[in-house]
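Here's the structure we're looking at; comments come further down.
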Amino acid sequence: MITPVLPTYARAPLSFVKGEGPWLIDEKEDRYLDFGAGVAVNCLGHANPRLVAALEDQARRLWHCSNLYNIPGQQKLAERLVALTFADTVFFCNSGAEALECAIKTARKHFSAKGEPERHRIITFEGSFHGRTIATISAAGAEKLTKGFEPLLPGFDHLPFGDLEAVKAAIGPETAAILIEPVQGEGGIRPVPADDLRALRALCDEHGLLLIYDEVQCGYGRTGKLFAHEWSGATPDIMAVAKGIGGGFPLGACLATENAASGMTTGAHGSTYGGNPLAMAVGNAVLDVMTEDGFLDHVSQVAGRLRQGLAALTETYPDVLEMVRGEGLMLGLKCKVDVGKFIGAARDAKLILVPAGENVARLLPPLNIEMEDVEEALRRLEAACARIQAEDGS
Ligand SMILES: *Cc1c(COP(=O)(O)O)cnc(C)c1O
């Protein structure tokens, strides 16, 4: 018999009822160290007092009023994002998939408004993840996402990851854009080398294409810069953002240059909830914290220690772990043992991790995690490794 909640998730046997900073507390009052952060969402930890205050304050004034009116918090957050990035304009929505939908529509509309509607194809990459709508599963293309949902949205060319020659060969008169995650998340924490991002930027300039980044997971301070692509200096024309931008409140955004957004005129796009006053109050509070002096330096500092500790674990337990990869606090442990087994052992040690492709366990702690919590996580990971090794060795 089908469960009341549509059974599309294989859920771990845990029910959390409370959070405090990097800790999750379940029904039995057991405390778990949260290195999943709701899949890179709770970037400032759980129940962050500044975010709670911003939400409570706004909740007493106005929850929702529709985009038929000016929303001051939206203007403020858009102005701040424009000042901090390559972008000239921002559309607010509620999720990553919606941010990607807006990105795809913006790219198509750019060319159709220029009188080149035949230029509508978008190059994407294997191992990518862009959300669960028909357009975004069509963009990613993996069978595990698309099977049974055909007919898919046409117009995507799926290329192997990390093959620049394939990109050059795929660009044709119908190509509009290249869509890429600067660090693949669901695909198994695979960073795109900075040189490759710069090469993609150059190809887009050469052929008049739009470069679209999906920074839904790798953006918002995760890698130690506000956006992951900043390490390369190769800016996009359009960028999808979500997850960390709301710190746990549902919020997404599509950022674009004035040129890329040239077709997005009155009536071209919309969202009932997108950028509503509650979301904007929290979004502005998240950005307040993230732009404070030293915040991103802190991310790099704790990330350095975490990575070093993980590298040591892979050396001590080569039968359990294969390698560490990723950037900043977006790290992956590629496992030798089944990743589900590893994450289960970590859970038994009361440490929360998230699985990804390529048998990788993701570590995505809150960005304001303290060094002592990183040390505690490393102790718990060591316990998990030791237990697996003892069981497998016996
Ligand atoms: C999570 C994610 C999405 C989809 O976001 P939703 O909020 O689940 O729609 C898109 N792209 C990337 C890179 C993601 O990690």
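Read the numbers this way: they start at 1 and go in the same order the structure lists the ligands and their atoms.
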Q: For Glu181, take its heavy atoms, then give the atoms of ligand 1 lying under 4.0 Å from any of them.
A: 13 (C)
Q: Give the numbers and elements of all ligand 1 atoms closer than 4.0 Å to a heavy atom of Ala97.
A: 4 (C), 5 (O), 6 (P), 9 (O)
Q | Per-atom contacts, ligand 1 versus His130 - under 4.0 Å to a heavy atom | A | 10 (C), 11 (N)
**Q.** Check: Arg362 side chain, Gly188 main-chain N or O, donor-acceptor pair, under 3.5 Å
**A.** no
(Q) I'd like to know if the side chain of Ser232 and the backbone of Ala194 have a donor-acceptor N/O pair within less than 3.5 Å. (A) no
Q: List the closest protein heavy-atom neighbour of atom 5 (O) of ligand 1: residue, atom name, distance to the nearest 0.1 Å.
A: Gly96 CA, 3.2 Å
Q | Test: Arg347 cationic atom under 6.0 Å from Tyr32 six-membered ring centre, within 45° of axis | A | no
Q: Show which atoms of ligand 1 fall inside a sub-4.0 Å distance from at least one heavy-atom site of Lys243.
A: 1 (C), 2 (C), 3 (C), 14 (C), 15 (O)
Q) Would a distance-only check, ignoring hydrogens and angles, find a side-chain to backbone donor-acceptor pair under 3.5 Å from Glu150 to Gly148? A) yes
Q | Minimum heavy-atom distance Thr235-Tyr213, with the two atoms named | A | C-CE1, 4.1 Å
Q) Is the gap between the ring centers of Phe227 and Phe86 under 6.0 Å? A) no
**Q.** Among Ile178, Leu179, Asp237, the one residue meeting side-chain contact (heavy atoms from CB on, under 4.5 Å) with Leu210
**A.** Asp237
(Q) At less than 4.0 angstrom from any non-hydrogen atom of Asp214, what atoms of ligand 1 do you find? (A) 10 (C), 11 (N), 12 (C), 13 (C)
Q. Under 3.5 Å, N or O to N or O, is Glu98 touching ligand 1 that way?
A. no
Q. Hey, does Gly131 come in under 3.5 Å of ligand 1, counting only N/O atoms on both sides?
A. no
Q. Considering distance alone, does some N or O of Val216 sit under 3.5 Å from an N or O of ligand 1?
A. no
Q) Right, does atom 8 (O) of ligand 1 have protein non-hydrogen atoms nearer than 4.0 Å? A) no
**Q.** Subset of ligand 1 atoms that lie under 4.0 Å from at least one heavy atom of Ser95
**A.** 7 (O), 9 (O)
Q) Can Arg222 and Glu327 be counted as an ion pair, charged N to O under 4.0 angstrom? A) no
